[in-house]
Each structure stands twice: as C-alpha cells, then as structure tokens.
Amino acid sequence: MVEKEEAVISEEEAAQYDRQIRLWGLEAQRRLRSSKVLLVGLRGLGAEVAKNLILAGVKGLTLMDHQEVSAEDSRAQFLIPTGSLGRNRAEASLERAQNLNPMVEVTVNKDNIEDKEDDFFKDFDAVCLTCCSRDLLVKVNQICHKKGIKFFMGDVFGYHGYMFADLGEHEFVEEKTKVTKTNQESEDGPEAKKPKVDSTESTMVKKKIEFCQLKDALEIDWNSEKAKAVLKKTPADYFLFQVIMKFRTDRGRDPQPSSFQEDCEALLQIRNDLLDSLGVNPDLLQEDFAR
C-alpha cells in the first residue's frame, strides 16, 4: 500500500467538493484526496466508475486497458469521442475523463494487466477490475489482500451485473440509537425490565469486519450443512456469474447477439456441468437466463 501524506483541502477544493463534504465529512474527503486508484477495463461500466471516482476527487486515477475501441464501445462508453475506432480504449477516454475534474491526476496505462508483476500494484491504495477473467480476478485479489490494498471488481452482462469488494480488515463507525436502562427502583412491573430507546439521542459505535477473498467466496462446499442452510437465500446471480466467467475463460469472449443460438447452447451446457460439479441442482439457474 502507498504511504499516505496528509492531504490538505484548499479553499478551491472545499468549494468544489462542498456537497460531498457535507455528506461524509472533511476527514473522509481528505482520505479521498490522498488516494491513488487503478481502474482496469474501460468499457461501459469502467467509464461510469471512472466518472464517479474523478468527480469524488481522488488524488490520482490510472486508466488501464490494452484493448482497442470497438463499434460496441463507441455506443456504450460515453468517455470515448466519435471517430475513435481502433484507438486504445484507455487513451481514447483520457481527455474527457480529465475534463471532468482538472484537480484529479488522470493517467493511462496501455499494458495488459496479465503481464504485470505483483509489485506493480503496490503504488495504489485501491484496485478496481472490470472485463477480466476469473483466474485474473482471483490472482489480483490475492495480491491486493496480501499487500493491504482495497480490492473491487464488477461487470455487467445484459440485464445482469455483479460487484465484489475485499477491504481486508476494515474498521468503520456506525450510528446507533441510544438505549437507556430504566432505574428499577423508581419503576415497577414488566415495563421496568425493558430497556428504553431514546430516538432523539444517538451514539457512535466503532466496528471491525474481516472481508473474505474472492477465491473463498467462489469455492464454497455446498454439501456442508451450513452452506445448505443458506442455499435458498443465495441469489441465482451468484451461479450466473460463475457460468459466464467459465464461458469467458473457454471462449475468450463474452456471449454475443451475433452468435446467439450457439452461445445459448454453450451457456446451458456450462450451467449443467458447473452446477453439477458444485453439488447444486442446475434448476437453481433457470434455463431462460441464456436468452
């Protein structure tokens, strides 16, 4: 993780970020202003994430993508100007991204993330991946978890989408309504034993949570009693994600309208094989998902 310097919010920045400082406070804005973020994958979702990070006011954002702009990108990615077909996606997105907020340092990396060594990631406080294979997601998550770097990933497939976060050991503060105990000497009866909630007063409670890694989240033993108990509450999209990731690994691409019938058959076969291997009934993911 990057060694952080204490960020100083100037008057210009205070005016620029006034609304969000009122929302989450000056200290949170200082942390944002000292954070460097790596964003991988500049398709539709990547552009939206880039826009939100830049407007929020991080210190620096690196746009990383080794792919060229396609016809689909030009329709779905608002940071790419008209006439950019064939250019590098990250490079084509730079000018509009930088114009969103000149106070944020936006840079481009045209390399393939799969070629990067572990030490490449140590220059960032947070890493966000889109458009990546399952194996790469697991690998980068393990690197970030080991180095104490916040890790996020997400993707969109038609009407379906997902996100995952591994913040390691994360401390946060939660506001709780204050509960006061009644003086039993002054009150009698059943009501005296019940704690009273004062909705006008609140207290801040410090909490800590340990996030699991992606590999652990995906390799659940569904034959265990604990897993069986939560299976009914598990969204079908959890299994859909695994099916599409397997398709992406096998075919080197995502399902396409141009090969609709072929891809539907492949997705259904992957669903049957994958869910069988997990010890889960394939019907948990209805057949119409492929359409």
Side-chain angles (χ1 to χ4, degrees), residues 1-42 45-64 79 90 93-94 96-109 113 116 118-130 137 140-154 162-176 202-214 217:
M1 185 189 293
V2 182
E3 291 186 11
K4 292 193 177 184
E5 299 177 359
E6 182 70 22
V8 178
I9 305 295
S10 66
E11 289 186 11
E12 183 182 5
E13 290 173 323
Q16 170 91 351
Y17 305 123
D18 177 69
R19 294 178 69 181
Q20 57 203 52
I21 289 174
R22 292 172 186 268
L23 176 64
W24 53 54
L26 188 60
E27 181 56 36
Q29 190 63 40
R30 283 200 186 101
R31 290 201 299 271
L32 271 173
R33 290 297 294 137
S34 62
S35 297
K36 293 183 178 180
V37 182
L38 172 66
L39 172 62
V40 178
L42 268 296
L45 177 61
E48 184 67 26
V49 173
K51 181 258 292 182
N52 291 336
L53 288 170
I54 293 167
L55 292 180
V58 295
K59 179 178 181 179
L61 176 65
T62 297
L63 308 177
M64 187 174 192
L79 293 177
S93 305
L94 177 61
R96 287 184 175 178
Q98 185 64 81
N99 288 341
L100 289 170
N101 188 351
M103 297 182 188
V104 175
E105 181 185 356
V106 185
T107 58
V108 163
N109 189 314
I113 188 174
K116 293 299 184 183
D118 294 8
D119 282 348
F120 168 74
F121 299 94
K122 66 180 175 57
D123 293 329
F124 302 99
D125 300 288
V127 171
C128 180
L129 303 188
T130 70
L137 293 169
V140 175
N141 176 220
Q142 290 176 328
I143 294 170
C144 291
H145 191 89
K146 183 179 179 181
K147 294 182 179 294
I149 301 167
K150 310 301 183 187
F151 175 84
F152 302 87
M153 69 182 211
Y162 79 89
M163 72 82 60
F164 175 87
D166 177 7
L167 307 183
E169 190 177 89
H170 183 63
E171 292 185 351
F172 62 99
V173 176
E174 187 174 72
E175 186 175 9
K176 292 274 192 179
S202 62
T203 182
M204 306 305 289
V205 180
K206 194 172 184 178
K207 293 189 174 183
K208 182 187 292 185
I209 186 172
E210 180 73 32
F211 282 72
C212 77
Q213 296 186 59
L214 177 62

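In this structure the side chain of Val49 reaches within 4.5 angstrom of the side chain of Cys128, judged on heavy atoms. With contacts defined as side-chain heavy-atom distances shorter than 4.5 Å, the pair Ile113/Met64 qualifies. With a 4.5 Å cut-off on side-chain heavy atoms, Arg30 and Ile9 count as touching. Phe120 is listed as a side-chain neighbour of Asn109, based on a closest heavy-atom distance under 4.5 Å. Side-chain contact between His170 and Phe211: present, with at least one pair of heavy atoms (C-beta onward) separated by less than 4.5 Å. Side-chain contact between Glu48 and Asn52: present, with at least one pair of heavy atoms (C-beta onward) separated by less than 4.5 Å. A 4.5 Å side-chain heavy-atom check between Ile143 and Phe151 finds every atom pair outside the cut-off. Here the side chains of Gln16 and Asn101 are in contact, with some heavy-atom distance below 4.5 Å.
Across all their heavy atoms, Val108 and Ala90 have their closest contact at CG2-O, 3.5 Å. The shortest non-hydrogen separation linking Tyr162 to Met153 is CE1-CE, 3.5 Å. Shown here for Cys212 and Phe164, the closest heavy-atom pair between the two residues is O-CZ, 3.5 Å. When every heavy atom of Tyr17 is checked against every heavy atom of Gly57, the shortest pair comes out as OH-CA, 3.4 Å. For the pair Val37 and Val58, the tightest heavy-atom approach, listed with the atom from each and the gap, is CG2-CG1, 4.2 Å. Of all the heavy atoms in Ala97 and Leu63, the pair that sits closest is CB-CD1, 4.2 Å.
Summarising the geometry, atom OG belonging to Ser93 is positioned 14.0 Å from atom NZ belonging to Lys51; distances are rounded to the nearest 0.5 Å. The distance from atom CG of Asp125 to atom CD1 of Ile149, rounded to the nearest 0.5 Å, is 8.0 Å. Put simply, CE on Met163 and CG on Leu45 are 10.0 Å apart, with the number rounded to the nearest 0.5 Å. The CG atom of Leu100 lies 5.5 Å from the CD1 atom of Ile54; values are rounded to the nearest 0.5 Å. Rounded to the nearest 0.5 angstrom, His145 NE2 and Glu169 CD are separated by 9.5 Å. Interatomic distance, Arg19 CZ to Trp24 CH2, rounded to the nearest 0.5 Å: 11.5 Å.
At distances below 3.5 Å, at least one donor-acceptor pair connects side-chain atoms of Gln98 with backbone N or O atoms of Val104. Looking at Thr130, its side chain does come within 3.5 Å of a backbone N or O of Gly41 through a donor-acceptor pair. Side chain of Lys176 to main chain of Thr203: no donor-acceptor pair is present (N/O by atom type, distance under 3.5 Å, no hydrogens or angles). Listed for the Gln20 side chain is a donor-acceptor partner under 3.5 Å among the backbone atoms of Ala56. For Glu13 (side chain) and Ser10 (main-chain N/O), a donor-acceptor pair under 3.5 Å exists by modelled atom type.
Asp123 and Lys147 are not joined by a salt bridge, as no carboxylate oxygen comes within less than 4.0 angstrom of a charged side-chain nitrogen.
The number of heavy atoms from other shown groups lying within 6.0 Å of CD (Glu11) does not exceed 12. Annotation: Glu210, atom CD; neighbour count of heavy atoms from other residues, nucleotides and ligands within 6.0 Å is above 12.
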Subject >> side chain to side chain contact (heavy atoms under 4.5 Å, CB included) assessment of Leu129 paired with Asn141 >> reply: CA-CA 10 Å; Leu129 303 188; Asn141 176 220; over 6 Å; no
**OP:** Kindly determine whether Leu214 and Asp166 satisfy side chain to side chain contact (heavy atoms under 4.5 Å, CB included), including the steps that lead there.
**Re:** CA-CA 8 Å; Leu214 177 62; Asp166 177 7; over 6 Å; no
